[in-house]
Amino acid sequence: MRNCAKRIYLFLMVLFLYLPIFVLIVASFNDSKILGKWNGFTLEWYKQLFDNASIMNALRTTIVLALLASIIATVLGTLACITISKMKKSTKSIVVGITNIPMLNAEIVTALAFMLLFVGLGISLSFSTVLIAHVTFCIPYVVLNVLPKVSQMDNNMYEAALDLGATPFQAFYKVTLPEIMPGILSGFLMSFTMSIDDFIITHFTRGSGIDTLSTKIYTEVRKGIKPEMYALSTLLFVTVFVLLFLVNYGPKTKAKKSFTTLIFKNKVTVAISMCVVIIASVFGYNLLKDDKNYIGDVYVYNWGEYIDPAVIELFEERTGYKVHYEEFETNEEMYTIIAKGARTYDVICPSDYMVEKMIENELLAEIDYSNIPNISNIGTQYMNSAQGFDPGNKYCVPYCWGTVGIMYNKNMVDDEVNSWGILFNEKYEDNILMQASVRDAYCVALSYLGYSINTLNEDELKEATDLLVAQKPIVQAYVVDQVRDKMIKNAAALAVIYSGEAIYMQKENPDLEYVVPDEGSNVWIDGWVIPKDCQNKEAAEAWINFLCEPEIALMNFEYITYSTPNVAARELIEDEEIRNSQIAFPDESILSRCSVYNYLGKEGDTLYDYYWTMVGGAESD
Amino acid sequence: MGNKLIDLQGITKSYGKQMVLDDLNLYIRENEFLTLLGPSGCGKTTTLRIIGGFESPDKGRVVFDGQDITDLPPNKRHLNTVFQKYALFTHMTIAENIAFGLKIKNKSKAYIDDKIKYALKLVNLDGFENRMADSLSGGQQQRIAIARAIVNEPKVLLLDEPLGALDLKLRQDMQYELIRLKNELGITFVFVTHDQEEALTMSDTIVVMNQGYIQQVGTPEMIYNEPENAFVADFIGDSNIIPGTMIEDELVEFLGTKFRCVDKGFGNNKPVDVVIRPEDVELVAPEKGTIKGVVTHLIFKGVHYEMEVMAGGFEWLVQSTKMSPVGAEVGIKVDPFNIQIMNKPESEDEEAVGVDE
């Protein structure tokens, strides 16, 4: 009886620990993009994964980084252990304590410290800075594994080797090293695992053009996680699992001797194969650069999933520039990187209010339109809208745009939807999804109340806040990404959503309908800007000009599904329904009801954040 | 026994402020079994490590076979060490352990194989070639450590408390084993121990050390029977050490009584220490003894009884095969040649040499 209870308890424990991973693994083999809907087994996502050049590039970077970092950390850490073991007891415990702290320290603190250090020393972030950071955080793990082995080892062993005629080098190589080898191997494998695993430190210390698997996955998350990311995460989990298994069970099992001896006896083989991997990777990396018509580099910083990858290849082919493409998740994150000068990019794609903020902080360079003849393809109405945050259109070329509106399920909503008011109707209790973003939430409330969505009037804000607080009990959730899946699966009736997503969702579930309420709403514009510290303005302008070509803009529109401001491209859309879609291209009357978000200034941001905390929208998620 | 093989000349060594060896002079003859004996911290291990080359002296010279080897690293010295905790290489098999030194010297495979067989036979562990070191018992590991050292045909084998970690029975077996090995190999053994019984059993020569100084050098018999000072007397076996006065040659007074003895040349009316071994004290009928006393304690020790007798204001330690019950009145008698007279320490230097009490 007790045994049975024990077993059930153990089973529940394991289930609790591994169920999420199990779901992920199952999802990676699911022949459906929608979570929770099993369409049969497929390896399609794995295939797509391996066909994706940027992911494979990230994989290579991850492996080279992990190998280099763990090798360097293992050598340094092992030498440190030998020194530490020779120290006096009191000094030793202090030093061991110091080496342990980085492991317990919050990773974000370490990451920020590294970034500040590098930026402070004027070292621009690059592969080397990530490597240095990784070596640093790996060393404690090496010490953790090697030091006990060194301390355990009878110091007389080394002397015995000398006594038997070995030189100090021979004694170290033939006796000390093999004796502590199990520790060194564990340390190496653990460092390797930690390096592969790391996201935060990599994220803060990497230079432009460098992506590891974890940073890649993170940036992909913005547009909703694609199933190939499940496949990648599954592979990552399996790799880490195998490595940890080796660390924990390899040296301890009966096969200990043979395992260690195997590795050690075959050290030459191991060393050679490692060198081969590293050289091949580095060489492969360089091969990419050795394009025949290579004329320079361009560093692009864009939202995740915000371009058709084929467009990048076409641009490289057409112009001879090598594109170093990087993605960000939020405007704020991008702003920090640029404002701190941590990484430099040639061309960036922020949103309207962020463009305004960057202009105000003098981070942008004026665009020379003589280099962008294709600007004529951009509709004047959009250039006019852009004046709302970029007076005179000096800094920003619109790339994508859209409205914020209500998506509803025809079968679940029987009232007419033409006002934000429907979101406050108790009839739809627990069927309403709100956007977990301060500006979008206030856009709903302020528009409904008839106020400007950029208001700084405290009374108006207060009123909007009261409205949102009162609404909260009937809201199912404040969400970011789940909104798509929930609406497609009929799990909610009404949702605040961006027009670009609406098109995709309608395709998946024809019962969904999109409306921009009569009270007006937000029209947002993301556009290309060139930062002041850009290294290659010519390339940046070539990039912008290229994206303004109608055929290219069309490719992007079809890939991203967000509305394009490129009128010439719109003309090329074959599907009449889409070309005339009120969602993708609402007519003038709808647009005139909408306004852009303005940069509110530091005080404005604080004010909104203050009221937003009262709503507690983000927490309810 | 042959010529001087190792000669330590004026060796001084200190760690920080702590003086470990002070102007130590000692020679070791060829084919000698020499034991460095003393309590922990007396400098015996340091002396051994200086001979082995693991420590270098602050002052003084180490001469080996006529050559100054003071600055020679351990791997260039023609001697091998057996360490206290064996220090076998745990990642190697027994055969690989034994072959280690020979492989370093690039000996042929056939030669090495022969040597391994021979060495294992010598230490009675044939057939252990492919075992791993940590699968062996302490005693077996000890023998392998010896085998690993002797295949290199050293002129001197240094042994640092090699029996310390073994249990009593095994320790006694290994003592005989070591004597046998030494006789078969015909090489010099320098042995470090704090166990006086071990030293007395095996050694040709014993060097008693305390606080960095040599207290006495001699054969086991000399050390035991004629300790030169109270420390040696106390450290080697049990002793009754009684302050007294040398009245004249062959007559000493202690505990208010005059005793005949055989020592001469101390001068008249000089303060001395008198050493009497407990087994040399005879318990007789009260009226037949030199002094009278009462038995206060009695313990049965197997081979003999051990008694404490209060006599003349001193608690005597007595060992005898004849038992006297607690409370019995006895007389104490000592043969003149069993009374050992020692000078009392006078100068500061001698004080340091003296008993640490």
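Protein chains get the first letters and strands the later ones, always in sequence-line order, with residue 1 at the start of each. A quick note: this is a predicted structure, and the numbers were derived from the prediction, not measured.
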Undergrad: Quick one, Phe100(B) with Val175(A), criterion side chain to side chain contact (heavy atoms under 4.5 Å, CB included). Give me CA distance, side-chain angles, the key distance, then yes/no.
TA: CA-CA 10 Å; Phe100(B) 188 86; Val175(A) 172; 3.7 Å; yes
Undergrad: For atom OH of Tyr15(B), decide whether the heavy atoms of other residues, nucleotides or ligands shown that lie under 6.0 angstrom number more than 12.
TA: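 Enclosed.
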Undergrad: Select one option (side chain, backbone, both, neither) describing which atoms of Arg49(B) are under 4.5 Å from chain A's heavy atoms.
TA: side chain
Undergrad: For the CG atom of Leu164(A) and the CZ atom of Phe89(B), what is their distance to the nearest 0.5 Å?
TA: 5.5 Å
Undergrad: Can you tell me which portion of Asn156(A) sits under 4.5 Å from chain B's heavy atoms? Options are side chain, backbone, both or neither.
TA: both
Undergrad: For Ala171(A), is it the side chain, the backbone, both or neither that has a heavy atom under 4.5 Å from a heavy atom of chain B?
TA: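 Contact with chain B is absent: no heavy atom of Ala171(A) under 4.5 Å.
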Undergrad: Can you establish whether the number of heavy atoms outside Phe199(A) located under 6.0 Å from its atom CZ is more than 12?
TA: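 Buried by this count: over 12 neighbours within 6.0 Å.
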Undergrad: So does Glu184(B) have more than 12 non-hydrogen atoms from other groups sitting under 6.0 Å from CD?
TA: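 Enclosed: over 12 neighbouring heavy atoms sit under 6.0 Å from CD of Glu184(B).
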Undergrad: Given heavy-atom pairs under 4.5 angstrom as the criterion, report whether the side chain, backbone, both or neither of Lys105(B) touches chain A.
TA: side chain
Undergrad: Can you list everything that forms a side-chain contact (heavy atoms from CB on, under 4.5 Å) with Ala99(B)? Sequence neighbours excluded, please.
TA: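 Applying side-chain contact (heavy atoms from CB on, under 4.5 Å) to Ala99(B) gives Lys103(B), Ile112(B), Ile116(B).
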Undergrad: Mind checking the CZ-CG spacing from Phe54(B) to Leu162(A)? Nearest 0.5 Å is all I need.
TA: 6.5 Å
Undergrad: For Ser40(B), give me all partners under side-chain contact (heavy atoms from CB on, under 4.5 Å), at least two apart in sequence or on another chain.
TA: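 Not a single residue meets the side-chain contact (heavy atoms from CB on, under 4.5 Å) criterion with Ser40(B).
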Undergrad: More than 12 heavy atoms of other residues, nucleotides or ligands under 6.0 Å from NZ of Lys117(B): yes or no?
TA: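 Not buried by this count: 12 neighbours or fewer within 6.0 Å.
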Undergrad: Take a 6.0 Å sphere around OH of Tyr111(B) and say whether it holds more than 12 heavy atoms from other residues, nucleotides or ligands.
TA: yes
Undergrad: Can you tell me if Thr81(B) and Asp163(A) form a side-chain donor-acceptor pair at under 3.5 Å?
TA: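 Thr81(B) vs Asp163(A): donor-acceptor pair found between side chains.
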Undergrad: Rounded to the nearest 0.5 Å, what's the gap from CD1 on Ile180(A) to NE2 on His91(B)? Could you check?
TA: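 If we round to the nearest 0.5 Å, Ile180(A):CD1 and His91(B):NE2 are 11.0 Å apart.
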Undergrad: Is any side-chain heavy atom of Lys174(A) less than 4.5 Å from a side-chain heavy atom of Ile104(B)?
TA: yes
Undergrad: Pick one of side chain, backbone, both or neither for Asn152(B), based on which atoms fall under 4.5 Å of a heavy atom in chain A.
TA: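 Side chain only.
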Undergrad: Chain A heavy atoms under 4.5 Å from Leu88(B): which part of the residue, side chain, backbone, both or neither?
TA: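 Just its backbone gets close to chain A.
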Undergrad: Please tell me whether Glu179(A) and Thr90(B) have a donor and an acceptor in their side chains that are separated by less than 3.5 angstrom.
TA: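 Yes, side-chain donor-acceptor contact under 3.5 Å.
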